[in-house]
Amino acid sequence: MILKRLGLTVFFSLSVVSCTTAPNALAINTTQKLVQYERSKADLAVKTSTLSSGETITYAENDNTDAEPLLLIHGFGGNKDNFTRIAAELADYHLVIPDLLGFGDSSKPEHADYRSDAQAQRLHELLQAKGVASNVHIAGSSMGGAISVAYTAMYPKKVKSLWLIDSAGFWSAGIPKSLENATLENNPLLIQKTEDIYRMYDFVMYKPPYLPKSVQAVFAQERIANQALEAKILEQIVVDNVEERAKVIAENRIPTLVTWGEKDQVIKPETTELIKAIIPQSQVIMMSEVGHVPMIEAVDQTANDYKAFRFSLKD
């Protein structure tokens, strides 16, 4: 009850903070409290791990360590908190939710390889360090989907199932009309000023959940500070095609769930047809009135569909 009241207080406080300029100390502090409140509802603790390269990976984890691990991989411009809302609904699993290198609170080396294979290797090292690299379930949203495919193709004997959420990397399906004229200087996925994030929320989500603009403005400052690196990362991932690697998933008959928002403007919904052709055993669920991030836009339905998929694996 105390946490619930805190959440309401935070929302009220932020709703009256001006968002026409850079966020003030109150907006930043209350946004941090709100994020922590959402993590606490899902019993997530934030931890760090140092890779052999010396770089640091920050991740969130629940305490259900007796269950099989579920690695949740966020998309471009995102971070571990993209899965915070749905984490409480997935509490039956041992959740490991990293900030990918280059994003969130993880290291941000300027000249690193940010393609899917390199990111997958880093995540495997993280899971090895935790002793949970075997019998793992992998899930990824957008760019995280491409990394999930790369991970599964690299370590097919260690992955028990795959969950692709509006996945990137299947580029022969083409790009949507909404991005046909996008450039690094004019791209709705890159945030160069605070107002850009308001438009991005509407572009990425069909019916965005309520979030005060003052909170969005705080998030915008993090994206603006990382904009130059994100542009470099975007250049790498848009030419990183995982279709050949996905054939390894088909060959190993790894159970695969594909979740996709019918209103996705970032990656064409028709991509599901290509994925189904490459991974015939995949189960495809199309979600009406949902955009690019179902785990944020439609928490209950997305979680229930995944839990039903996992239950089917017990047969």
| request: Any salt bridge (Lys or Arg N to Asp or Glu O under 4.0 Å) involving residues 90-103? Give me the pairs, sequence neighbours left out, ordered by first then second residue. | output: Lys80-Asp99
Please list, one pair per line, the donor and acceptor atoms closer than 3.5 Å that link side chains of residues 278-287 to other protein atoms, with sequence neighbours excluded.
unit_1: Gln281; atom_1: NE2; unit_2: Ile249; atom_2: O; d: 3.1
unit_1: Gln281; atom_1: NE2; unit_2: Ile254; atom_2: O; d: 2.9
unit_1: Ser282; atom_1: OG; unit_2: Ile279; atom_2: O; d: 2.7

Inspect the contact between [Y] and [X] and indicate whether a charged nitrogen and a carboxylate oxygen are less than 4.0 angstrom apart.
X      : Y      : value
Asp196 : Arg199 : yes
Arg122 : Glu125 : no
Lys207 : Glu289 : yes
Glu55  : Lys108 : no

| said: Students often mix this up, so state it plainly: with edges at 30° and 60°, are the rings of Phe103 and Phe76 parallel, tilted or perpendicular? | reply: perpendicular
Any residue meeting salt bridge (charged side-chain N to carboxylate O under 4.0 Å, His left out) with [X], in chain and number order, not counting sequence neighbours:
X      : result
Lys160 : Glu68
Lys158 : none
Asp113 : Arg115

| task | Given side-chain contact (heavy atoms from CB on, under 4.5 Å), test Arg39 with Asp81 step by step and report yes or no. | result | CA-CA 8 Å; Arg39 291 173 185 166; Asp81 289 308; 2.7 Å; yes
| task | Could you name each residue pair satisfying side chain to side chain donor-acceptor pair (under 3.5 Å) that touches residues 290-304, not counting sequence neighbours? | result | Ser142-His292, Asp264-His292
| field | salt bridge (Lys or Arg N to Asp or Glu O under 4.0 Å) between Arg223 and Glu230, intermediate numbers included | value | CA-CA 8 Å; Arg223 296 289 309 279; Glu230 287 188 7; 2.8 Å; yes
| message | For His124 and Tyr155, I'd like to know if the aromatic rings sit close, meaning centre-to-centre distance below 6.0 Å. | response | yes
